[in-house]
Amino acid sequence: MIKNRLIRLLEHAIAALQASGDLPSDSTLRPGIERARDAQHGDFASSIALSFAKAAKCPPRQLAERIIQQLPGDPLVVKVEVAGPGFINFFLAPDAHTAVVRTIHEEGPLFGRSRIGAGQKVQIEFVSANPTGPLHVGHGRGAVYGSVVASLLQACGFEVHREYYVNDAGRQMDILATSVWLRYLEECGDVLPFPSNGYRGEYIRTIAWDLHHTAGDRYRRPATDVLQGLPSDEPDGGDKELYIDAMIDRAKSLLGNDYRLVFDAGLTSILQDIRDDLDEFGVTYEEWFSERRLADSGAVEDALGVLREAGLLYQQHGATWFASTRFGDEKDRVVVRENGQITYFASDIAYHWHKLQRGYDQIINVWGADHHGYVPRVKGAIQGLGGDASRLHVLLVQFAVLYRGDEKVQMSTRSGEFITLRQLRGEVGRDAARFFYVMRRSDQHMDFDLKLATSKSNENPVYYVQYAHARICSVFRQLDEKGWARNLRQGMDHLKRLGESHEAAVLSSLSRYPEVVESAALSYEPHQLVQYLRQLASDFHTYYNACPFLIDDHELRDARLNLIDAVRQVIANGLDLLGLSAPEAM
RNA sequence: GCGCUUGUAGCUCAGCCGGAUAGAGCAUCGGCCUUCUAAGCCGAGGGUCGCAGGUUCGAGUCCUGCCAGGCGCGCCA
C-alpha cells in the first residue's frame, strides 16, 4: 500500500529530526496520513507538523519544511509541499497512479486481501437465536453483519471460526416441547386449553402434525391426566409462568422417556429450518455449538468451580451469586436459583470459559443492542475466570424498523405474528436484503424500506453497484461482437495515456480498495465497504458516460479496457465479501 | 430515577487518529438515449451539524450541562 510507504518516509524524517534534537525524542505520535480530499492538495496529506508543532516549539509551517527536508527520496513521489496552516501534501508520479491496474490484474480475486491478521485466531458468534421458532427479520441484520465481518477478517488473514450457539437446553425449550405436545394431542383429537405462555405459531401445528403422522398415538395420554390438578392459567386469574411450568412438569412425568423424543422432534425440525434459512441467505458456520452438550459435559459445574475457588461465588437467600460488581457490573448476578436450576447466565459463563480455553486471540459476540446491559457481567465473568476481557468484543446490532413506503410494518412476537426472514428474502431477494442490512452502521437504528428494497428501479441502491459490473461485462461482449480483441500487454504498456480526470478518479478509488477492506475489517464495519463500492460504481458510471472505450485508437482502447477490467475485478471482489452476486448482465 | 446510546439537507444516512470549502442517495426543478445497457449521466436549489458552554492553532468529531428519541435496569432468556 502506497499509504504505508509514505508513512515510512515520514517516520524516517521524524527519526532524523529527533536524532538531531529538533524534535523531542519522547514524543510517540505516529505520523498520520490521509488521502487528500481535494486534488489541489495532491494525493496524500499529513497533518503531522500541526500536531507536533507544540512539542517541537516550532511554528507548524516551519516544522513542515524541516520534515520535508529530511524526507528520503522516493521515485513514486514527484512533489512534496507545505500548504495551508502546515499540511504536508504529497504528489505522486503518474506511474504510481496507474500501477494499481497491473496489480489488480495480477492478483485478481486476491486483490485487497492481506496478511495483517496472519497467525491470529478469531471466534465469532452471531445470530444464535433460540430454536423455538423460525428466524424473523430482526435476526437478519445480525446474520448478515456477522457473516460479513467474518469474511472481512478472513480476507485480512485472520483464521476465523464462525459459530452459532444453539440454546437447546433450558426453560424456553421445555416450553417449546410442551407446546408441540399439546398441539400433538389436538391432532390426536383431544381438545385442551392452550397455555397463554406457550408458542402459538402455526409452525408448531406443523411439527405436531408431522409427529402424529410418523408416531401415531404413541405420545397420547389421557386428557384428564394432563389437566388434573394444574394451577389456573392467566386468563383464569392465575399466573401464566406458574401454569406453564406446571404443564412442563406434567408433560415430563406423563411422557417419561418419551419426553425427550417429543422435545427433539421440535428442536431438530426448527433447527433444520434455521440452518436452511441461513444457508439460503449465504450465512454459514464452522460450528453449531450445542448448549445441551456443553451442559452434559459438566462445563457449567467446572466453570462455577473456578469462580468458587477464586472466592467470587457466595450464597444468599438460598441462591448462588457471582460477585460481578467486583468487575464493574451494577449488581451481583444469580448463577444458581433457589430452586437449584442454573440461570442462563451460568450457562453463558461456561460457554465463554470454553471459548477462552480454545485459545482465541479475539472472541467476538454479535448481539442485539437490547442486550447491552449484559456486557459487563460477561466481561466480569471472563475476568473472574482468569481470562483477558479485552479479547472479548461485543458488537451490538440495533434493530431495523421495517417500513413499506411510509407505513411502519408492525412486529409482534407475542402474538406469533411477525415477518420471517424467509418472507423477507422472498419479497426483496437475497442480494437486496443483504445489501440493505449492511449499508448502514450496524450499531445504529435503521429504517428498512421494503418498498425501496423491492423496487427494480433507479431508486434502489443495490443495483447501482451490480449494474456497473454488468455494464463492464457488456462492454467486453460488445468488443467480441465487433470482432476485436483486447491486447492486454499493449494496454498495460500504455496506461500512461489514461490522463482524463475521470480516469484519475477511477484509479484513485481502485487504489483505495485494500485500505478500505483493512479498515472495515479491523473496525468491524462492513458499511465502509458498501460506501466504497457505491463510490467506485459512481466513478465508473461517470467515466462510462464521459469516455467511449471501444475506439479506433487501439493503444488507448486497450489501456481503457484494462482499466475498466480492473474496476470489474474490484467490484466483484467487494461484492463477494458482502455475499452478493456480481451479475454479468442485468 | 440510574446506566448505555443517538440527534448532520424535506426524508434515509456517510463523515477516517480532531484538520483545509460538511458529503451521498431519495425527493424537487432543469437538461442528456440514430453512438459501449437511461437500473445510467450532467446541472440547480436545499445546512445555526439538537441547544448552551468549555478544551486548542483548529471541533460535526473531545469534555460538561440541558432538551429530545431509542434501549437496558429479573432468582427471564
Side-chain angles (χ1 to χ4, degrees), chain A residues 29-30 32-38 40-41 45-47 50-51 53-54 59-60 83-87 89 130 132 167 170-173 175 241 316-321 330-331 333-345 347-348 368-376 396 398-399 401 403 406 439-441 443-449 452 455-468 470-479 481-482 515-516 519 523 525 527-528 530-531 534-535 537-538 540-551 560-561 564 585-586:
Chain A
L29 281 175
R30 286 180 307 136
I33 195 160
E34 59 187 36
R35 287 181 176 269
R37 288 183 201 159
D38 189 331
Q40 290 186 336
H41 299 145
S46 175
S47 59
L50 290 159
S51 31
K54 180 164 279 184
F87 291 100
N89 291 339
N130 284 350
T132 53
N167 294 112
R171 182 162 171 268
Q172 291 305 315
M173 288 306 298
I175 294 176
E241 305 289 350
Q316 191 175 49
H317 306 310
T320 305
W321 298 70
E330 289 177 358
K331 53 174 289 192
R333 310 290 174 176
V334 171
V335 287
V336 182
R337 286 191 264 167
E338 195 178 359
N339 63 10
Q341 286 188 312
I342 63 161
T343 60
Y344 175 84
F345 179 45
S347 173
D348 229 14
D370 55 334
H371 284 67
H372 71 254
Y374 197 71
V375 178
L396 299 175
Q398 292 282 355
F399 291 118
V401 182
Y403 284 84
D406 291 333
M439 68 191 278
R440 307 295 186 204
R441 305 182 57 96
D443 58 354
Q444 296 199 14
H445 301 271
M446 73 172 279
D447 291 346
F448 192 130
D449 188 342
L452 183 61
S455 74
K456 302 218 169 188
S457 70
N458 56 355
E459 294 171 28
N460 195 329
V462 185
Y463 301 110
Y464 189 80
V465 176
Q466 293 181 322
Y467 184 49
R471 259 186 160 175
I472 296 168
C473 293
S474 175
V475 171
F476 280 94
R477 283 194 295 271
Q478 291 288 321
L479 182 75
E481 285 169 24
K482 282 178 182 281
E515 297 166 29
V516 171
S519 171
S523 54
E525 292 184 351
H527 79 276
Q528 288 186 24
V530 177
Q531 297 286 337
R534 292 175 80 169
Q535 180 61 53
S538 170
F540 169 75
H541 286 309
T542 297
Y543 180 37
Y544 180 97
N545 276 274
C547 302
F549 309 135
L550 302 179
I551 51 179
R560 285 181 171 173
L561 289 174
I564 66 171
M586 289 173 71

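In this text the structure is predicted, and so the values were computed from the model without any measurement. Proteins get letters first, then strands, A, B, ... in listed order; numbering begins at 1 in each.
Listed pair A:R337 / B:rA77 meets the phosphate criterion, a side-chain N or O lying under 4.0 Å from OP1 or OP2. Between A:Y403 and the phosphate of B:rC26, there is no side-chain N or O to OP1/OP2 separation shorter than 4.0 Å. Checking the phosphate oxygens (OP1, OP2) of B:rC13, no side-chain nitrogen or oxygen of A:R534 falls inside 4.0 Å. An OP1 or OP2 oxygen of B:rG15 is reached within less than 4.0 angstrom by a side-chain nitrogen or oxygen of A:H527. Considering only side-chain N and O atoms, A:T542 lies under 4.0 angstrom from the phosphate OP1 or OP2 of B:rC42. Using a 4.0 Å cut-off, no side-chain N or O of A:R471 falls inside it from OP1 or OP2 of B:rA39.
If you check every strand for non-hydrogen atoms under 4.0 Å, A:R441 touches sugar and phosphate atoms only. The residue A:A470 sits close to a base: some heavy atom pair falls under 4.0 Å. Using a 4.0 Å heavy-atom cutoff across all strands shown, A:M439 reaches no nucleic acid atom at all. Counting non-hydrogen atoms under 4.0 angstrom, A:F476 reaches nothing in the nucleic acid. Residue contacts shown for A:D38 include a base, since a base heavy atom lies under 4.0 Å away. Residue contacts shown for A:K482 are absent, as no nucleic acid heavy atom lies under 4.0 Å away. If you check every strand for non-hydrogen atoms under 4.0 Å, A:A585 touches a base. Contact annotation for A:H541: backbone-only contact, meaning every heavy-atom pair under 4.0 Å involves sugar-phosphate atoms and none involves a base.
Between A:N89 and A:R440, it is A:R440 whose nearest contact on RNA chain B lies nearer the 5' terminus. Between A:N167 and A:L550, the one whose closest nucleotide on RNA chain B sits nearer the 5' end is A:L550.
Taking atom C1' on both nucleotides, B:rG30 is separated from B:rU34 by 24 Å, rounded to a whole Å.
Looking only at side-chain heavy atoms (C-beta outward), A:L550 and A:L479 come within less than 4.5 Å of each other.
Across the protein-nucleic acid pair, A:Q444 atom CD and B:rC4 atom C1' stand 14 Å apart, rounded to whole Å. We find that CG of A:D447 is positioned 10 Å from C1' of B:rC13, with the value rounded to whole Å. What separates CG of A:L396 from C1' of B:rU6 is a distance of 14 Å, to the nearest Å.
Pair check for B:rC76 finds none; no Watson-Crick or G-U wobble contact set falls under 3.5 Å. Across all strands shown, B:rA38 forms no Watson-Crick or G-U wobble pair with both distances under 3.5 Å. B:rA44 and B:rU28 make up a base pair, with Watson-Crick or G-U wobble contacts both under 3.5 Å. Base pairing annotation: B:rC66 forms a Watson-Crick or G-U wobble pair with B:rG50, both donor-acceptor distances under 3.5 Å.
Aromatic stacking of A:H445 on B:rG70: not satisfied for centres closer than 5.5 Å together with planes under 30 degrees. Evaluation of A:F87 against the base of B:rA20 yields a stacking contact (centre distance < 5.5 Å, interplanar angle < 30°).
Listed for the A:S347 side chain is no donor-acceptor partner under 3.5 Å among the backbone atoms of A:T343. Checking side-chain atoms of A:H371 against main-chain N and O of A:L396 turns up no donor-acceptor pair under 3.5 Å.
Of the candidates B:rG3, B:rG19, B:rG40, B:rG3 carries the atom nearest the A:H372 side chain, counting heavy atoms from C-beta on.
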